[in-house]
Q: 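Once you've had a glance at the structure underneath, I'll fire off some questions.
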Amino acid sequence: MKILLIRQVWKHHAAKSGYDRVFQTFEKDKGVDSIFMPPYARGVLGLLHRVLSLFVREEKYFSAALWWTEIKVLLHCWWYQPDIVHFTYLQKDFSLLNNKWLKPKARILATLHLPKSFWEDGSQSFRNFEVLDGVAVLDHVSFRYFNNKIKSKVGVIPHPVDKDYYCPSDNKESNDKINILFVGRFLRDFDLLGEIINQLKNKDEYLFHLVCPKEYVEDVISFRNVSHYEYLSENELLKLYQTSDVFIQPLKDATANNAILEAVACGLPVVVSDLESVRTYLNEDIAVFCKEPNDFILGIKKMKNCKINANHLIGLDVSKEKLIEWYKSFN
């Protein structure tokens, strides 16, 4: 079986983090090739996007980066004839592969990373599902939604985490303070985060560590019990995971949440918004599910000294095995 992976590497996900981490394990495998699609249209590609967008009916669904990548995919399919083409991220509409005269014989698959709400509100279109033979989703909520909505074969392939790198520290020090870590930007509920911190701003035993762009937390970073971080290296972020007591994640929506997986792998209990999708990865032994700011505060107190077991998280090898099984199911 010959496989062509259409991959993206995001700047904020480095060598040990992000969805592409599992596809790095395929790089030396015989019969597996990769094409990298730029995550952002900049420079010449940005100019091309602006020009081509003039001829596109709905510009919000168009990507010059995907258009250019489709050309590479078609050439690769013509020359090497892979059995599987897997777009590991797909968030815009095909421009070429949706033409029945151009569509290759290979099975076209894609992983969806966005919650179903993006299709419900029109931020994403359904057109790609006319082309895709298979769709991988990251949570059970997405599976139920798409399995009843589209003709493509839908499978749940949970997001992995590098458990060799993200692991608890043997030298964690205990103290009377509660070190509370927050990481991320996308789909985070910063209003809710601000309410939680405001309620605890005069309680010095609660120390907040916020890893996110400054503009999202400008109202709270001046508080004496708040530390703010940007542009951390992987090792610096790992140290924060390993030295914190509780991980909090107020969310607006989610499928898999990479920061949650990293935190749990490092032994951190989680206090998180009560979304059904995150229960694909969390249970009540390692997490408190919250609706209101007070729920988070009570959850932080409850989970401060909680010892958790992260063995249920899927590592890179298991994720790779699941992907290969999924590919074989299309033969």
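The shown structure was predicted, so the numbers you read here are calculated from the model rather than taken from an experiment.
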Q: Identify whether L4 and L90 are in the same connected component of the hydrophobic contact network (ILVMFWY, side-chain heavy atoms under 4.5 Å).
A: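 Yes; L90 is reachable from L4 via cluster members.
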Q: Would you say L261 ends up clustered with V318 if hydrophobic residues are merged whenever their side chains have heavy atoms under 4.5 Å apart, either directly or through other cluster members?
A: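 No, V318 does not connect to L261 through the hydrophobic network.
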Q: Transitively linked via ILVMFWY side-chain contacts under 4.5 Å: L323 with M1?
A: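 Looking at the clustering, M1 is in the same group as L323.
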Q: Taking K320 for the side chain and T25 for the main chain, is one N or O donor matched with an acceptor at less than 3.5 Å?
A: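 Pair found, side chain donor or acceptor close to backbone of T25.
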Q: More than 12 non-hydrogen atoms from neighbouring residues, nucleotides or ligands closer than 6.0 Å to CZ on F223, yes or no?
A: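 Yes, CZ of F223 has more than 12 neighbouring heavy atoms, counting only those of other groups under 6.0 Å.
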Q: Taking D93 for its side chain and Y61 for its backbone only, find out whether a donor-acceptor pair lies under 3.5 Å.
A: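 Checked: no pair found.
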Q: Strictly below 4.0 Å, N to O, side chains only: are R7 and D20 in salt-bridge contact?
A: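 Between D20 and R7 there is a salt bridge, with a charged N closer than 4.0 Å to a carboxylate O.
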Q: For the rings on F146 and W119, is their centre-to-centre separation under 6.0 Å?
A: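 They qualify: ring centres under 6.0 Å apart.
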Q: How about CD on E284, more than 12 heavy atoms from neighbouring residues, nucleotides or ligands closer than 6.0 Å, or not?
A: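 Counting neighbours around CD of E284, 12 or fewer heavy atoms of other residues, nucleotides or ligands fall under 6.0 Å, so no.
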Q: Could you tell me which non-hydrogen atom of L251 sits nearest to which non-hydrogen atom of V272, and how far apart they are?
A: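 Shortest heavy-atom contact: CD1-CG2, 3.9 Å.
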Q: Spell out, as yes or no, whether a donor-acceptor pair under 3.5 Å connects the side chain of Q124 to the backbone of F118.
A: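 Flag not set: sc Q124 to bb F118 has no pair under 3.5 Å.
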Q: Cation-pi check for Y145 against K116: NZ or CZ below 6.0 Å from the six-membered ring centre and within 45 degrees of the axis, yes or no?
A: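 Ring-cation test returns yes.
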Q: Sub-3.5 Å donor-acceptor pair from the side chain of N225 to the main-chain atoms of Y206, do we have one?
A: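 Checking the backbone N and O of Y206 against the side chain of N225, a donor-acceptor pair under 3.5 Å is found.
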Q: Output every pair passing ring pair (Phe, Tyr, Trp, His ring centres under 6.0 Å) with a member in residues 302-331, not counting sequence neighbours, ordered by first then second residue.
A: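 The answer is H86-W326, H86-Y327, W326-F330.
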Q: Set out, in order, the CA-CA distance, both residues' side-chain angles and the distance that settles side chain to side chain contact (heavy atoms under 4.5 Å, CB included) for I157 and T111, then state yes or no.
A: CA-CA 9 Å; I157 310 289; T111 300; over 6 Å; no
Q: Can you confirm whether K153 is buried at NZ, in the sense that more than 12 heavy atoms of other residues, nucleotides or ligands lie under 6.0 Å from that atom?
A: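 Yes, the 6.0 Å shell around NZ holds more than 12 heavy atoms from other groups.
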Q: N235 and Y165: side chain to side chain donor-acceptor pair (under 3.5 Å), yes or no, with the steps?
A: CA-CA 10 Å; N235 286 337; Y165 182 79; 2.7 Å; yes
Q: When you check the gap from the basic side-chain N to the acidic O, do D274 and R279 get nearer than 4.0 Å?
A: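 Yes.
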Q: Taking F289 as the starting point, is it possible to reach I180 by hopping between hydrophobic residues whose side chains are less than 4.5 Å apart?
A: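 Cluster IDs for I180 and F289 differ.
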Q: Donor-acceptor check, side chain of S277 to backbone of A254, threshold 3.5 angstrom: yes or no?
A: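 Indeed, once roles are kept as given, a pair shorter than 3.5 Å links the two residues.
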Q: Verify, without hydrogens or angle tests, whether S142 (side chain) and V137 (backbone) share a donor-acceptor contact under 3.5 angstrom.
A: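 Answer holds: no.
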Q: List the steps and the verdict of side chain to side chain contact (heavy atoms under 4.5 Å, CB included) for N179 and T243.
A: CA-CA 8 Å; N179 288 282; T243 56; over 6 Å; no
Q: Side chain to side chain donor-acceptor pair (under 3.5 Å): which pairs involve residues 193-204, sequence neighbours left out?
A: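 Every side chain to side chain donor-acceptor pair (under 3.5 Å) pair that includes a residue of residues 193-204, provided the two are not neighbours, is D204-R224.
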Q: Are C212 and F190 side-chain neighbours, meaning at least one heavy-atom pair lies under 4.5 Å?
A: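 The answer is yes, as the side chains (C-beta and beyond) meet within the 4.5 Å cut-off.
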Q: Under a single-linkage definition using a 4.5 Å side-chain heavy-atom cutoff for Ile, Leu, Val, Met, Phe, Trp and Tyr, are I196 and V220 assigned to the same hydrophobic cluster?
A: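 Cluster IDs for I196 and V220 match.
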Q: Check whether Q249 reaches the backbone of I260 with its side chain - one donor and one acceptor, N or O, closer than 3.5 Å.
A: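 Checked: no pair found.
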Q: Would you please indicate if the ring centroids of F23 and F36 are separated by under 6.0 Å?
A: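 No, the ring of F23 stays outside the 6.0 Å limit from the ring of F36, centre to centre.
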Q: For F94 together with F87, are the ring centres under 6.0 Å from each other?
A: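 Close enough - the centres of the two rings lie under 6.0 Å apart.
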Q: Starting from the C-alpha separation in whole Å, work towards a yes-or-no answer on side chain to side chain contact (heavy atoms under 4.5 Å, CB included) for D317 and S319.
A: CA-CA 5 Å; D317 290 343; S319 183; over 6 Å; no
Q: Check this for me: does any side-chain nitrogen of one of E234 and K239 sit under 4.0 Å from a carboxylate oxygen of the other?
A: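 No, this pair does not count.
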Q: Could you tell me whether H159 and Y19 have their ring centroids closer than 6.0 angstrom?
A: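 Distance test on ring centres: under 6.0 Å, yes.
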Q: Could you check whether atom CD of E292 has more than 12 heavy atoms from other residues, nucleotides or ligands sitting under 6.0 Å from it?
A: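 No - once you tally the heavy atoms of other residues, nucleotides and ligands closer than 6.0 Å, there are 12 at most.
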Q: Walk me through it: do Y216 and R185 pass the test side chain to side chain contact (heavy atoms under 4.5 Å, CB included)?
A: CA-CA 8 Å; Y216 292 97; R185 174 192 64 83; 3.4 Å; yes
Q: Say whether, by atom type as modelled, one donor and one acceptor occur between the side chain of S152 and the main chain of L132 under 3.5 angstrom.
A: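 Indeed, once roles are kept as given, a pair shorter than 3.5 Å links the two residues.
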Q: Has S17 got a side-chain atom pairing as donor or acceptor with H13's backbone, closer than 3.5 angstrom?
A: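 Absent.
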Q: Whether D133 and K103 form a salt bridge (side-chain N of Lys/Arg under 4.0 Å from carboxylate O of Asp/Glu) is what I want to check.
A: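 Looking at K103 and D133, the cut-off is met.
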